[in-house]
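What follows is a single structure, written as structure tokens, with notes after it.
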Amino acid sequence: ACVKAKEWQKALALKTAMREAGIVPNVITYSSCISACEKAAHWKKAVELMDEMRKAGIEPNVITYNACISACGKGKQVDVALNLKKQMEDAELKPDLVTYNSCIAACEKEKRADRALELMAEMRTKGFAPDLITYNTVISACAKANMWERAEKLVEEMISEGIKPDLVSFNSLLHALSNGIQWEKTYNVLVDMKRKHGIKPDLISYATCITTCENAGMWMRAYEIIIQMKQDGIEPL
RNA sequence: CAAUUUUCACG
């Protein structure tokens with residue numbers, strides 16, 4: 001059952017073909033198909049597949065649920081995603097770190113920073129330490145909810161817990177600051193990520209800073225950043 | 001190397 005076709009129609013066609021060839025789809029077959037739907041944000045199909053496999057007497061496992069939660073997240077269905085997490089708890093399956101990260105990502109898509117933060121607190125009580133991805137996702141959630149102060153705090157928090165922020169962390173923080181039109185802070189972060197953390201800003205980082213300066217009416221500053229970007233070997237598009 | 005999680009934009 002090796003499904004490498006990453007487009008959902010193809011994956012589903014393959015599954016049908018398998019059945020017709022007399023091969024019984026197993027958990028992994030379904031999980032793969034759900035994953036294929038996920039990339040296309042086809043959350044309804046993903047949920048349908050879960051039902052279908054249950055009817056076929058195949059029990060979804062943690063990975064199956066995680067894939068489906070992710071699919072719902074991409075389709076902006078937080079409630080469906082959180083319901084799935086409940087379902088798996090009822091089915092005496094233990095949500096794992098990926099489950100939480102996927103649920104938090106679902107909240108992020110819907111700008112539900114409050115729920116994302118709640119979930120992060122909940123996972124701690126269940127003995128899961130938030131990892132880099134957890135933090136990055138929550139920071140991004142704060143960015144979308146216009147909570148740049150919280151985003152700043154989260155970065156400090158992760159550092160104090162020994163998790164090194166990466167390029168994604170900083171880009172998310174930059175977006176948070178950008179949405180708050182904190183152009184000075186945005187610029188400081190851009191400088192700090194390179195000087196203090198050894199992370200090279202990429203095109204996204206620079207573009208975010210430039211946009212912020214433009215929104216703040218700081219045209220000269222925006223221009224200076226473009227110059228720096230070119231010195232860094234990154235070309236504006 | 002059979003399946004699952006994070007940033008902007010496009011889709």
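Model, not experiment: these values are computed from the prediction. Chain A is the first sequence line, chain B the second, and so forth, proteins listed ahead of strands; every chain is numbered from 1.
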_Separation of atom OH in A/Y100 from atom P in B/U4, rounded to whole Å_ = 21 Å

*Between B/A2, B/U5, B/U6, which one does the side chain of A/V98 approach most closely?*
B/U5

*If you look at every strand shown and take non-hydrogen atoms under 4.0 Å, does A/S31 touch a base, only sugar-phosphate, or nothing?*
base

*Roughly, in whole Å, what's the span from CG in A/L84 to C1' in B/U4?*
13 Å

_For A/M88, the option from A/N61, A/N83, A/I69 that meets side chain to side chain contact (heavy atoms under 4.5 Å, CB included)_ = A/I69

*Is there a donor N/O on one and an acceptor N/O on the other, under 3.5 Å, for the side chain of A/S32 and the base of B/A3?*
no

*Rounded to the nearest 0.5 Å, what's the gap from CG on A/N171 to CE on A/M193? Could you check?*
5.5 Å

*Provide, to the nearest angstrom, the distance between the CG atom belonging to A/L49 and the P atom belonging to B/U4.*
15 Å

So which protein N/O to nucleotides 8-11 of chain B N/O distances come out below 3.5 Å?
residue	atom	partner	partner atom	Å
B/C8	OP1	A/K144	NZ	2.5
B/C8	O4'	A/H175	NE2	3.1

*Can you find a side chain N or O atom of A/K74 that sits less than 4.0 Å from OP1 or OP2 on B/U6?*
yes

*What integer number of Å spans the C1' atoms of B/A2 and B/U6?*
24 Å

*Is any side-chain N or O of A/K109 closer than 4.0 Å to OP1 or OP2 of B/U7?*
yes

*Taking side chain to side chain donor-acceptor pair (under 3.5 Å) as the test, write out the residues that go with A/T212, two or more places apart.*
A/S178

*Check the distance between B/U7's C1' and A/Y206's OH and give it to me in whole angstrom.*
17 Å

*Can you tell me how far C1' of B/U5 sits from OH of A/Y65, to the nearest Å?*
18 Å

*asked:* In whole Å, I'd like the distance from the NE2 atom of A/H42 to the C1' atom of B/U4.
replied: 19 Å

*Has the side chain of A/N61 got a donor or acceptor that lies under 3.5 Å from a partner of the other kind on the base of B/A3?*
yes

*Of all residues at least two apart in sequence or in a different chain, which pass the side chain to side chain donor-acceptor pair (under 3.5 Å) check with A/D166?*
A/N136, A/S169

_Value in whole Å for how far the P atom of B/U5 lies from CG of A/N101_ = 11 Å

*Please give, in whole Å, the distance from B/A3 P to A/L93 CG?*
19 Å

*Have a look at A/A207 and say if it touches a base, only the backbone sugar-phosphate, or nothing, with a 4.0 Å heavy-atom cut-off.*
nothing

*Roughly how far, to the nearest 0.5 Å, is CD of A/E52 from CD1 of A/I34?*
9.5 Å

*On a whole-Å scale, what distance lies between the P atoms belonging to B/U5 and B/C1?*
16 Å

*In the hydrophobic cluster built from side-chain contacts under 4.5 Å, what are the other members alongside A/I133?*
none

_Residue list, side chain to side chain donor-acceptor pair (under 3.5 Å) with A/E224, at least two apart or on another chain_ = none

*Is there a donor-acceptor contact under 3.5 Å linking the side chains of A/Q228 and A/Y187?*
yes

*Under 3.5 Å side-chain donor-acceptor pair for A/E108 and A/T137*: no

*Can you sort out which residues in residues 116-138 of chain A have a heavy atom within less than 4.0 Å of RNA chain B? Ascending by number, please.*
A/I133, A/N136, A/T137

_Neighbour count >12 (heavy atoms, 6.0 Å) for atom CZ, A/R19_ = no

